Amino acid sequence: MSLDNLNQRQKEAVETLKGPLLIIAGAGAGKTNTVTHRILNLIKTGIQPSKILAITFTNKAAKEMRERVFDMIEQDKSLNIPISFSERPFISTFHAMGVHIIKENSAILGIPRHFTIYDRSDSKRAVKDALEEIGLDPKQHDPGAILNAISREKGDGVTLSEYKSRNLKAFFQKNIAQVWEKYEITLNKEKSLDFDDLLLKTATLLRENEIVRNHYQKIWEYIHVDEYQDTNNVQYEIVKLLGGHNNVCVVGDGDQNIYSFRGASVKNILDFEKDFANAKVITLEENYRSTQTILTAANNVIKKNTMRRDKNLFTKNEEGEKIELLISYTEQEEARVVADNARELIEGGADPKEIAVLYRANFQSRTLEEAFLNKNVPYQVLGVRFFERKEVKDILSFIKASLNRDSTNDLVRIVNVPPRGIGKATILKVITKQENTLGPSLKNKVMEFLNLLDGIKNIAINQKPSQLIKYIIRETGIENAYRNGTAEEQEKLENLRELVTVASQYDSLPPEEAIEKLLENAALATDQDEMEKDNNAVRLMTVHASKGLEFNYVFIVGLEEDLFPHQRLGKEEISQSEAEEERRLFYVALTRARKKVFLSYAQLRTIYGAQKVNTPSNFISDIGDEYINSIGDVEAPRGMKAIFIDF
């Protein structure tokens, strides 16, 4: 094995084989190359391949690492040992490793070896059934939200019995306990485990059964964990339980911890030296991806965080072009400017799929899609398209049902949005116009719903579309249902506020004509064919979705205070930990680029039908003026608070 293609820090990591090792690998610093060479070096020093474990998070990452390691083993002529499949290193995801351990110990766990693994839809069905069994209406108690709560507890390493032992006072917590109990009965009855069980049962088994724990500690004496900053509590516990020989090598970058909403804790990587005595720390700072200008910008931004390990990315690549700052007056102009710049890059020879446009919130995609469509620039949205989002389709269904009572699909879709306690038999009565045969209580519920539709119809034919969307959001109860909900519900409300902005574009037309145009255009957008993943097109995606990807050219749009960094609706200010995660998110966005970065913001952005004067994101000034070339005919409004212009 030649180490000639490794830098000095990488070689040091490859040659450090004993004891705990923390490799802080900056973005684009060749971490996979380092880990694969380290595994090969262990084998060359006489370690049995089967004693080596490497865990990562995605099937794609595990497959890539497995293929690279196996190829290196086969091609290294100095290895004069026969390597059979069973003697190869165990390289997998956390969940696949969990399945392996559970199957090998199925008798101890009382689980058949050929158990079924529930996917999310299976789990939601079981939770829905559990709700009905304990007498709660799934229309009033969202199965998805309850499943998320159970999943988060399992991710924290909490079992059902531990959860029930708490002093549960809140109504929601008591419901979770009851549903969780019924859910577990269903899983047991169907001889199944859900995705979270694959980790939780593995951790519980390793913790409580010393014989099993010693067995796997003896098998896997050398452990590697990739993306360690993304581990949650139960994954962290599994690593500690398996690491009995202390030969634990973890690789990650606390500056790229952006998944706290999934339970990932940056504390795990920051506390590695406390958890593993005499740990060695090696920092990989040489970047092989980006220009020095991009790296300097990223360094300047991230150093403002306090909850981090210090590092300074550098490269032997060229200095590179300055970062372009695109200043626009409105979000429509911003989208046009981004589309124009993307088109210029393509006309200059750039491959469309090597261009990415990154945004903080999903609702931002709508204006960008429109601009790229108008400019005939090929694009692909990674994620759900704006008009295909459930909450957007719900609002449009309210309009269509109000204007056409024979539209059965729309009636069924929205009769319990939000929950109204109208069951299937009652819905059938509504569809067949037999409301008068219902009992007094149900009849009142139905009449309230039909009166709501009458009110929507009256607004639709007499007032502006933007006023109509606001009316529906407010009067249906959707706004109250989402306002103080989860982060996912908050994002749904943001998408609906964006729909108000969409509708305001039709306000100058006569009301009936305007609403017809809105519905027609929304239907055409929804009916567009799904784009293939391998299309040669500009990629549009959230920053979260871009993690692990890289492109030659990256546009980061919507760089305005309260949007990026993001502040949840109705929240006065964000906490320090939230602020630092937003900064890490921007750092991730910057470091996706190889050649050039474009930053963009709009001075005015219409939010919920009202124009807001924006303060540019503080992230921009953190970069340093000497690395930025500003483009725009308008002066950036600096130092002012957000102003809302209502009407």
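This is a predicted model, so every value here is computed, not measured.
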Measure from the side-chain N and O atoms of [X] to the backbone N and O of [Y], and report whether any donor-acceptor pair falls under 3.5 Å.
X	Y	answer
R592	V588	yes
N305	E580	yes
N451	M447	yes
N416	G421	yes
H224	V248	no
S151	L147	no
T501	T606	yes
H544	I258	yes
Q364	R360	yes
N268	Y236	no

So how far is it from [X] [atom1] to [Y] [atom2], rounded to the nearest 0.5 Å?
X	Y	atom1	atom2	result
I472	I456	CD1	CD1	4.5 Å
N257	L585	CG	CG	10.5 Å
S617	R583	OG	CZ	8.0 Å
L450	L411	CG	CG	8.0 Å
L205	N105	CG	CG	5.0 Å
S192	E184	OG	CD	11.0 Å

Counting heavy atoms not belonging to [X], are there more than 12 under 6.0 Å from its [atom1]?
X	atom1	result
E488	CD	no
K457	NZ	no
F195	CZ	no

Can we say [X] and [Y] salt-bridge, meaning some charged N sits less than 4.0 Å from an Asp/Glu carboxylate O?
X	Y	result
K470	E479	no
E581	R584	yes
E181	K164	yes
R605	D562	no
E491	R389	no

Compare every heavy atom of [Y] with every heavy atom of [X], then report the nearest pair and how far apart it is.
X	Y	value
V239	V225	CG2-CG2, 3.8 Å
L496	I469	O-CG2, 4.4 Å
D253	I269	N-CD1, 3.7 Å
N232	G155	CG-O, 3.5 Å
L241	A203	CD1-O, 3.6 Å
P138	P143	O-CD, 3.5 Å

* Would you say the side-chain atoms of E227 and Q229 include a donor-acceptor pair closer than 3.5 Å? -> yes
* Looking only at side chains, do D194 and S123 share a donor and an acceptor under 3.5 Å apart? -> no
Would you say that [X] contacts [Y] through its side chain, given a criterion of any heavy-atom pair below 4.5 Å between the two side chains?
X	Y	result
Y216	L53	no
I459	E475	no
V502	F363	no
V212	L206	yes
E132	D129	yes
I395	I478	yes

* When T542 is tested against each of L382, N362, L358 for side chain to side chain contact (heavy atoms under 4.5 Å, CB included), which residue passes? -> N362
* Under the criterion side chain to side chain contact (heavy atoms under 4.5 Å, CB included), which of I146, D137, D142 is the partner of L131? -> I146
* Should the ring pair F272 and Y228 be called parallel, tilted or perpendicular, given that the plane angle runs from 0 to 90° and is split at 30 and 60? -> perpendicular
* To do: Test I556 against F564 for side-chain contact (heavy atoms from CB on, under 4.5 Å), laying out the working first.
  => CA-CA 10 Å; I556 309 172; F564 198 4; 4.0 Å; yes
* Asked: Restricting to pairs with a member in residues 199-209, which pass salt bridge (Lys or Arg N to Asp or Glu O under 4.0 Å), not counting sequence neighbours?
  -> R207-E237
* To do: From the options T437, T432, N436, select the one residue that forms a side chain to side chain donor-acceptor pair (under 3.5 Å) with Q434.
  => T432
* Residue pair Y482, N495: steps toward the side-chain contact (heavy atoms from CB on, under 4.5 Å) verdict -> CA-CA 11 Å; Y482 289 161; N495 288 334; over 6 Å; no
* Applying side-chain hydrogen bond (donor to acceptor under 3.5 Å, both in side chains), name anything that partners D271, two or more places apart in sequence or on another chain. => K267
Can you list, pair by pair, the side-chain donor-acceptor contacts under 3.5 Å of residues 90-103, counting residues two or more places apart and other chains?
| unit_1 | atom_1 | unit_2 | atom_2 | d |
| --- | --- | --- | --- | --- |
| S92 | OG | M97 | N | 3.4 |
| T93 | OG1 | A96 | N | 3.0 |
| H100 | NE2 | E104 | OE2 | 3.4 |

* **Candidate pair K547 and D230, rule salt bridge (Lys or Arg N to Asp or Glu O under 4.0 Å), full reasoning** => CA-CA 12 Å; K547 178 88 183 305; D230 290 336; 3.3 Å; yes
* side chain to side chain donor-acceptor pair (under 3.5 Å) evaluation trace for Q576 with T306 -> CA-CA 9 Å; Q576 181 186 349; T306 58; 2.9 Å; yes
* Write out all pairs satisfying ring pair (Phe, Tyr, Trp, His ring centres under 6.0 Å) with one or both partners inside residues 125-163, taking only residues at least two apart or from two chains. => Y163-W180
* Asked: Yes or no on side-chain contact (heavy atoms from CB on, under 4.5 Å) for V415 and V430, after CA distance, side-chain angles and deciding distance?
  -> CA-CA 10 Å; V415 69; V430 174; 5.6 Å; no
* By ring pair (Phe, Tyr, Trp, His ring centres under 6.0 Å) - contacts of Y359 (at least two apart) -> none
* Only counting residues at least two apart or in another chain, list the ones meeting ring pair (Phe, Tyr, Trp, His ring centres under 6.0 Å) with F398. => none
* To do: I would like to know whether V234 and K154 meet side-chain contact (heavy atoms from CB on, under 4.5 Å); could you show each step before the answer?
  => CA-CA 8 Å; V234 73; K154 288 185 176 183; over 6 Å; no
